[in-house]
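As structure tokens, the structure follows; a few thoughts come after it.
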Amino acid sequence: MAEKLIRVIVAKPGLDGHDRGAKVVARALRDAGFEVIYTGLRQTPEQIAEAALSEDVDVVALSLLSGAHGTLFPRVIELLKEKGLNDVLVIGGGVIPEGDIPALKEAGVKAVFTPGTPTTKIIEFIKENVH
């Protein structure tokens, strides 16, 4: 029986209109053999959580450049938990100040990848943390 592919949603919550980095990550994950669903720009936390449920994903990768990560990332995690998706790995990326990362991790974001992070590090982290 074939090994199950890791399913990842790459999502852009909020009003952030820049998705180049998210598309680079989505392409790298796809090329690494993951099944990738890109939700597009300006998704609400509710839309992201619903997509995670309906797509039966293993990972939700949030990308944000607008500065609203402190509100939007925890909200997505809260909604995932409400839907019973406690085993979904949530990672974040984008322009996120180092000082904000501890609060995001406390909220349930397992890793935060800032600009310049090699996509290989993201791929390795997902492979090591999806069970």
Worksheet item: Shared ILVMFWY cluster between Val8 and Leu89, side chains joined below 4.5 angstrom?
Response: yes
Worksheet entry | Heavy atoms of other groups near Lys83 NZ, more than 12 under 6.0 Å | yes
Worksheet item: How is the hydrophobic cluster of Val95 composed, in terms of its other members, when Ile, Leu, Val, Met, Phe, Trp and Tyr link through side-chain heavy atoms under 4.5 Å apart, directly or indirectly?
Response: Leu65
Item to complete: Drop me the distance from Ile77's CD1 to Leu85's CG, to the nearest 0.5 angstrom.
Response: 12.0 Å
Which pairs of donor and acceptor atoms, one on a side chain in residues 107-125, lie under 3.5 Å apart (sequence neighbours left out)?
| unit_1 | atom_1 | unit_2 | atom_2 | d |
| --- | --- | --- | --- | --- |
| Thr117 | OG1 | Thr114 | N | 3.4 |
| Thr117 | OG1 | Thr114 | O | 2.7 |

Fill in: Pairwise side-chain contact, Val25 with Ser63, heavy-atom cut-off 4.5 Å (strictly under)
no
Worksheet item: Considering residues, nucleotides and ligands other than Glu106, do more than 12 of their heavy atoms fall under 6.0 Å from its CD?
Response: no
Response to the item:
One should read off an interatomic distance between Asp16 CG and Leu41 CG, to the nearest 0.5 angstrom, of 7.5 Å
Discussion item. Once salt bridge (Lys or Arg N to Asp or Glu O under 4.0 Å) is applied, do any residues pair with Glu55, and if so which ones, sequence neighbours excluded?
Written reply: Arg7
Worksheet item: Can you find a heavy atom in the side chain of Arg20 that is under 4.5 Å from one in the side chain of Lys23?
Response: no
Worksheet item: Under the 4.5 Å side-chain heavy-atom rule for ILVMFWY, direct or indirect, which residues accompany Val24?
Response: none
Worksheet item: Is the CG atom of Leu5 crowded by more than 12 outside heavy atoms at less than 6.0 Å?
Response: yes
Worksheet item: Are any of the side-chain heavy atoms of Ile96 and Leu64 separated by less than 4.5 Å?
Response: no
Worksheet item: Sequence neighbours excluded, which residues qualify as salt bridge (Lys or Arg N to Asp or Glu O under 4.0 Å) partners of Lys127?
Response: none
Discussion item. Walk me through whether Arg75 and Glu78 qualify under salt bridge (charged side-chain N to carboxylate O under 4.0 Å, His left out).
Written reply: CA-CA 5 Å; Arg75 179 67 179 141; Glu78 180 183 315; 2.5 Å; yes
Item to complete: Kindly write out the residues that satisfy salt bridge (Lys or Arg N to Asp or Glu O under 4.0 Å) with Lys105, not counting sequence neighbours, or none if the list is empty.
Response: none
Worksheet item: If you group Ile, Leu, Val, Met, Phe, Trp and Tyr by side-chain heavy-atom gaps below 4.5 Å, do Val88 and Leu62 land in one group?
Response: yes
Fill in: CA sep, side-chain torsions, deciding dist, call: Leu80, Val60, side chain to side chain contact (heavy atoms under 4.5 Å, CB included)
CA-CA 10 Å; Leu80 291 171; Val60 173; 4.2 Å; yes
Practice prompt. Scan Val130, Ile6, Val10 and name whichever one has a side-chain contact (heavy atoms from CB on, under 4.5 Å) with Phe34.
Written response: Ile6
Discussion item. According to a hydrophobic-cluster definition based on side-chain heavy atoms being under 4.5 Å apart (Ile, Leu, Val, Met, Phe, Trp, Tyr only), do Leu72 and Val76 belong together?
Written reply: yes
Discussion item. Could you tell me if the side chain of Glu50 sits less than 4.5 Å from the side chain of Gln47, heavy atoms only?
Written reply: no
Worksheet entry | Nearest-0.5 Å distance that lies between atom OG1 in Thr39 and atom CG in Asp19 | 9.5 Å
Worksheet item: Looking only at heavy atoms, what is the nearest atom pair of Pro13 and Phe73, with distance?
Response: CG-CE1, 4.2 Å
Discussion item. In this structure, would Ile91 and Val57 fall into the same cluster of hydrophobic residues linked by side-chain contacts under 4.5 Å?
Written reply: no
Practice prompt. Could you tell me which non-hydrogen atom of Gln43 sits nearest to which non-hydrogen atom of Ile48, and how far apart they are?
Written response: CB-CG1, 3.7 Å
Discussion item. If you define the side chain from C-beta out and look only at heavy atoms, does anything of Pro97 sit under 4.5 Å from His69?
Written reply: yes
